[in-house]
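Comments concern the structure below.
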Amino acid sequence: MKYKFESSNICCISVQSKKRGLSLDEKREKMLQIFYDSQDFFLLKELEKSGPKRGVISQSVKDVVQSLVDDDLVFKDKIGTSVYFWSLPSCAGNQLRNIHRKLDSDLQGSKKRYAELVEQCNTLKKGREESDEREEALDELKAIEAKYNELKDEVGQYAENDPAIFEAMKKAIEVAHASANRWTDNIFTLRQWCSNNFPQAKEQLDHLYNEVGITDDFDYLELPAVSPVCPVEDQMPEGNL
């Protein structure tokens, strides 16, 4: 007697035979049930042996238990060199009640804040009802803001002639000038010291100086004269005054 199987039926049977893996939440429930059923203390290696009996592979037991510890659903403590884990149904109940109280407190606080904001919003709406006068006031405000931005941009064009900025730049130039001449003085002092201590190397030293830019015309910097800044109104055409 011969039997004939269609390939589609075989594929269907093969797919249905595969078991779906447990999700993390399902693994957590399985591991918690181990604690609740025994109400005992466990070492990690003991949990790794008990986990597969509940459908949790031993390789994932450590991570699952740690997630329960992080959520305060499982407790652990080190006694000597060993770390023990435990959890009681009453502990989980207390934890859930604490979470519920916190969430309820947050909810009440949010409701109170919402009521305050609604009241504040209604208060701010008073006197801001839509009207022709309000519309005109808003248009006037927009025109003033546009004029302000225009004047601000115009003032920015004369920023380089701002006396305060000019004085700050002048002081910065003076500091830079003094620093440059201080280093020039240090270079002259160093050259004199080398000449006094290594007279036989004069030619080599002169060659070195020339390579780094210290030539015969190397000297102190002169601070250029700075013309005073004229007031802005003196630079503008008379028609704009």
Between [atom1] of [X] and [atom2] of [Y], what distance do you get to the nearest 0.5 Å?
| X | Y | atom1 | atom2 | result |
| --- | --- | --- | --- | --- |
| Tyr148 | Asp153 | OH | CG | 10.0 Å |
| Ser87 | Ile34 | OG | CD1 | 11.5 Å |
| Leu24 | Asp63 | CG | CG | 9.0 Å |
| Glu136 | Asp132 | CD | CG | 6.5 Å |
| Ile144 | Asn149 | CD1 | CG | 12.0 Å |

Partner set under side-chain contact (heavy atoms from CB on, under 4.5 Å) for [X], not counting sequence neighbours:
| X | answer |
| --- | --- |
| Glu29 | none |
| Lys147 | Glu150, Leu151 |
| Asp72 | Gln95 |

Let me check something: any side-chain donor-acceptor pairs from residues 103-121 under 3.5 Å, sequence neighbours excluded? List them with distances.
residue	atom	partner	partner atom	Å
Asp106	OD2	Lys102	NZ	3.1
Ser110	OG	Asp106	O	2.9

Under the salt bridge (charged side-chain N to carboxylate O under 4.0 Å, His left out) rule, what pairs show up with a residue in residues 31-46, not counting sequence neighbours?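 Pairs touching residues 31-46 that pass the test: Asp37-Arg54.
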According to salt bridge (charged side-chain N to carboxylate O under 4.0 Å, His left out), does anything in residues 182-207 pair up with another residue at least two apart or in another chain? List the pairs.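 Passing the test, one end in residues 182-207: Lys202-Asp206.
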Does a sphere of radius 6.0 Å around OH in Tyr84 hold more than 12 heavy atoms from other residues, nucleotides or ligands, not counting ones at 6.0 Å or beyond?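 Counting other residues, nucleotides and ligands, OH of Tyr84 stays at 12 neighbours or fewer.
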Would the number of heavy atoms belonging to other residues, nucleotides or ligands and lying under 6.0 Å from CG of Asn196 be above 12?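 Yes, the 6.0 Å shell around CG holds more than 12 heavy atoms from other groups.
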Does a donor on one side chain and an acceptor on the other come within less than 3.5 Å for Thr215 and Asp217?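 Side-chain D/A pair, Thr215 to Asp217: present.
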With sequence neighbours left out, write down each residue that passes ring pair (Phe, Tyr, Trp, His ring centres under 6.0 Å) with [X], or none if nothing qualifies.
| X | value |
| --- | --- |
| Phe41 | Trp86 |
| Phe218 | Phe188 |
| Phe85 | none |
| Trp193 | Phe198 |

Any non-hydrogen side-chain atom of [X] less than 4.5 Å from a side-chain atom of [Y]?
| X | Y | value |
| --- | --- | --- |
| Lys76 | Gln66 | yes |
| Asp77 | Val83 | no |
| Asn122 | Lys126 | no |

Partners passing salt bridge (Lys or Arg N to Asp or Glu O under 4.0 Å) against Asp71 (at least two apart in sequence or in another chain):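 Scan of Asp71 (salt bridge (Lys or Arg N to Asp or Glu O under 4.0 Å), adjacent residues dropped) gives Arg28.
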Partner set under salt bridge (Lys or Arg N to Asp or Glu O under 4.0 Å) for Lys62, not counting sequence neighbours: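 Listed in chain order: nothing, the list is empty.
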Where Ser58 and Pro52 come nearest, the two heavy atoms and their spacing: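 Between these two residues, the closest heavy atoms are N-CG, 3.9 Å.
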Which atom of Leu43 lies closest to which atom of Ser82, heavy atoms considered: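 Looks like CD2-CB, 3.8 Å.
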Going only through I, L, V, M, F, W and Y residues with side-chain contacts under 4.5 Å, is there a path from [X] to [Y]?
| X | Y | value |
| --- | --- | --- |
| Trp183 | Leu221 | no |
| Ile57 | Val65 | no |
| Leu32 | Val69 | yes |
| Leu22 | Leu47 | yes |
| Phe75 | Leu68 | no |

Using side chain to side chain contact (heavy atoms under 4.5 Å, CB included), reason through Thr184 and Asp219 one step at a time and then give a plain yes or no. CA-CA 7 Å; Thr184 301; Asp219 202 350; 5.6 Å; no
Donor-acceptor pair, side chain of Gln192 and main chain of Thr189, under 3.5 angstrom: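 Pair absent, no side-chain N/O of Gln192 close to backbone of Thr189.
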